[in-house]
Number of protein chains: 2
Amino acid sequence: MSSDPGDLLPQARIRRAALELFGEQGFHHTTIRQIAGLAGVSPPLVIHHFGSKHQLRQAVDDWIMAFLLSEKGTLLTGSVMPRASSYLTEHPEARLIMQYLITAMREDGTIARQVFDQVCHTTAQVIELGAEQGTIREPADPDATVAVLVAYSLGASMLGGHLARRLGGESLLDAGPMRRYALAAMELFTYGLFTDDSYLRGTRAAFDDTGSEDD
Amino acid sequence: MSSDPGDLLPQARIRRAALELFGEQGFHHTTIRQIAGLAGVSPPLVIHHFGSKHQLRQAVDDWIMAFLLSEKGTLLTGSVMPRASSYLTEHPEARLIMQYLITAMREDGTIARQVFDQVCHTTAQVIELGAEQGTIREPADPDATVAVLVAYSLGASMLGGHLARRLGGESLLDAGPMRRYALAAMELFTYGLFTDDSYLRGTRAAFDDTGSEDD
DNA sequence: GTCTATATAATGATAGAC
DNA sequence: GTCTATCATTATATAGAC
């Protein structure tokens, strides 16, 4: 990802092409012929180097996870935050990886679970640190809150096209939609949505009712 | 959906089987042979009645949208709220439809846009009503806030498997995970996540900076 | 390591009998 | 309306030459 595709060895060119096409079109809609074509090699060479299409995806997944972990969570925490915009300007190659991860989450590929858990891990650290510093309120159920926040963030990324369309743009990464998205989200997490805790108490009551009635 | 599959006419059985299999496996992973098998007919009959696999999906989409609109938003607003649990107990057939919609959103089918917009429409009404009644705080950017809330809700549904796993269960619809999910979400939307507005002001400042610097 | 040529399997869709 | 038999296409993966 740090050099021109033409400078890479065939094996790396194939992996890079697979990363790009899997991310754009999804795993099942991408053919080995397309990958070979983009990498400038013959289809059988793809199989020769990686064994099968599935093993090729696994190789891409492994490569990406190694990249993500080496970044020490920089990309994972910032993936849907405002700073993502500036990060992507500085690291344009991260676009491909983000697109790959979003597509992989949609297709529920083998990397989806690793990514979800890894983002949870990183988010939990952010929450903990903020709680210590007093900038973040301590949740009643920290693990659940982290999981919900991650599901919200990744989910919004997966629905980025629809979200951007409602915000007057094409991609969530464009300046306009990203600004409206980030500000609306920050406002929600700063002031909340409800004016008092009646909804929360109502939800608690509803679950306590059904919880004792169902058994 | 209101009778046993065996009582339906072949055409309806095919549509029902397609709804079930498309929802479970996705459109592209479902074969006409599978649909025909589940409906108890021969594969060519599927084509004979619906023209093609894509037209069959369109027929299922149309059928579902008609169902959703006839429900006057009951299912759409409640799809990820606590009351979904009780709703599903009363209307078990809604499970198939929810699963279909979630899969369709993941695959970005033609119905995805309609559903996203329809849920936005319904959510906007809920927000407006709450604002009038004083139970919901008036957002600075109502349209964006609605879109974000919908993306969060639908996104969490799409990632329901991962979310449930982190919450100690298999499905988000199970009592345990649903309870923890609903309470964590309600707490977020009641008290927010941050203890003050420094993150919000920081985000505003960051966008104002990049907004004037980039050009 | 890399290619051309090909095997094999599965799919959506068609033809035509009943 | 419904079936059996089949076509045409496309995909992954293999065989073997260079």
Side-chain angles (χ1 to χ4, degrees), chain A residues 3-63 100 103-104 106-111, chain B residues 3-63 100 103-104 106-111:
Chain A
S3 328
D4 280 321
D7 295 338
L8 299 171
L9 290 173
Q11 209 157 344
R13 285 210 311 276
I14 292 169
R15 187 175 19 130
R16 205 208 105 96
L19 165 62
E20 186 171 334
L21 291 172
F22 287 164
E24 278 178 10
Q25 310 177 333
F27 175 74
H28 290 99
H29 288 100
T30 300
T31 68
I32 292 182
R33 285 168 170 76
Q34 288 177 314
I35 296 169
L38 184 59
V41 299
S42 66
L45 193 65
V46 176
I47 301 295
H48 176 257
H49 278 305
F50 293 93
S52 70
K53 192 183 171 186
H54 278 86
Q55 284 175 286
L56 171 57
R57 171 167 64 172
Q58 190 60 52
V60 175
D61 286 352
D62 293 345
W63 186 89
Y100 181 91
T103 303
R106 293 177 78 126
E107 296 192 318
D108 210 18
T110 52
I111 201 178
Chain B
S3 329
D4 280 319
D7 296 338
L8 299 172
L9 290 173
Q11 208 158 344
R13 285 210 312 276
I14 292 169
R15 182 166 27 78
R16 206 208 105 96
L19 165 61
E20 185 171 336
L21 291 172
F22 287 163
E24 277 178 11
Q25 309 177 336
F27 176 74
H28 294 284
H29 288 101
T30 300
T31 68
I32 292 182
R33 284 167 173 78
Q34 287 178 315
I35 296 170
L38 184 58
V41 298
S42 66
L45 194 64
V46 176
I47 301 296
H48 176 258
H49 278 306
F50 294 93
S52 71
K53 191 184 174 188
H54 279 85
Q55 284 174 285
L56 171 56
R57 171 167 66 173
Q58 190 59 53
V60 175
D61 286 353
D62 293 344
W63 187 90
Y100 181 90
T103 303
R106 293 177 77 127
E107 294 191 319
D108 211 16
T110 51
I111 201 177

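Below, chains carry the letters A, B, ... as their sequence lines are ordered, and counting in each starts from 1. Please read all numbers here as calculations on a predicted model, not as lab measurements. Heavy atoms only: backbone and side chains are in, while hydrogens, waters and symmetry mates are out.
Looking only at distances, a side-chain donor or acceptor of B:Glu107 sits under 3.5 Å from a matching main-chain atom of B:Phe27.
One atom, CG of B:Leu45, and another, P of D:dG1, lie 9 Å apart when rounded to the nearest Å. A:Gln11 has its CD atom 7 Å from the P atom of C:dG1, to the nearest Å. Between the C1' atom of D:dA11 and the CG atom of A:Leu56 lies a distance of 15 Å, rounded to the nearest Å. Distance A:His29 NE2 to D:dT12 P: 12 Å, rounded to the nearest Å. Per the geometry, CD1 belonging to A:Ile14 stands 14 Å off P belonging to D:dT12, to the nearest Å.
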Base, backbone or nothing for each nucleotide of nucleotides 11-18 of chain C, written B, S, -, heavy atoms under 4.0 angstrom, 5' to 3'? BBSB----
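Atom CZ of B:Arg57 sits about 10.0 Å away from atom CD1 of B:Ile111, to the nearest 0.5 Å. Between the CZ atom of A:Arg15 and the CG atom of A:Leu8 there is a distance of 8.0 Å, given to the nearest 0.5 Å.
For the pairing with A:His49, the side chain to side chain contact (heavy atoms under 4.5 Å, CB included) check across A:Val41, A:Leu9, A:Leu56, A:Ile14 returns one residue only, A:Ile14.
Regarding contacts with the backbone of D:dT2, a side-chain N or O of B:His49 is found under 4.0 angstrom from either OP1 or OP2.
Scanning for salt bridge (charged side-chain N to carboxylate O under 4.0 Å, His left out) contacts around B:Glu20 gives B:Arg16, with sequence neighbours left out.
Ring geometry for B:Tyr100 versus B:Phe22: interplanar angle of 30 to 60°, hence tilted.
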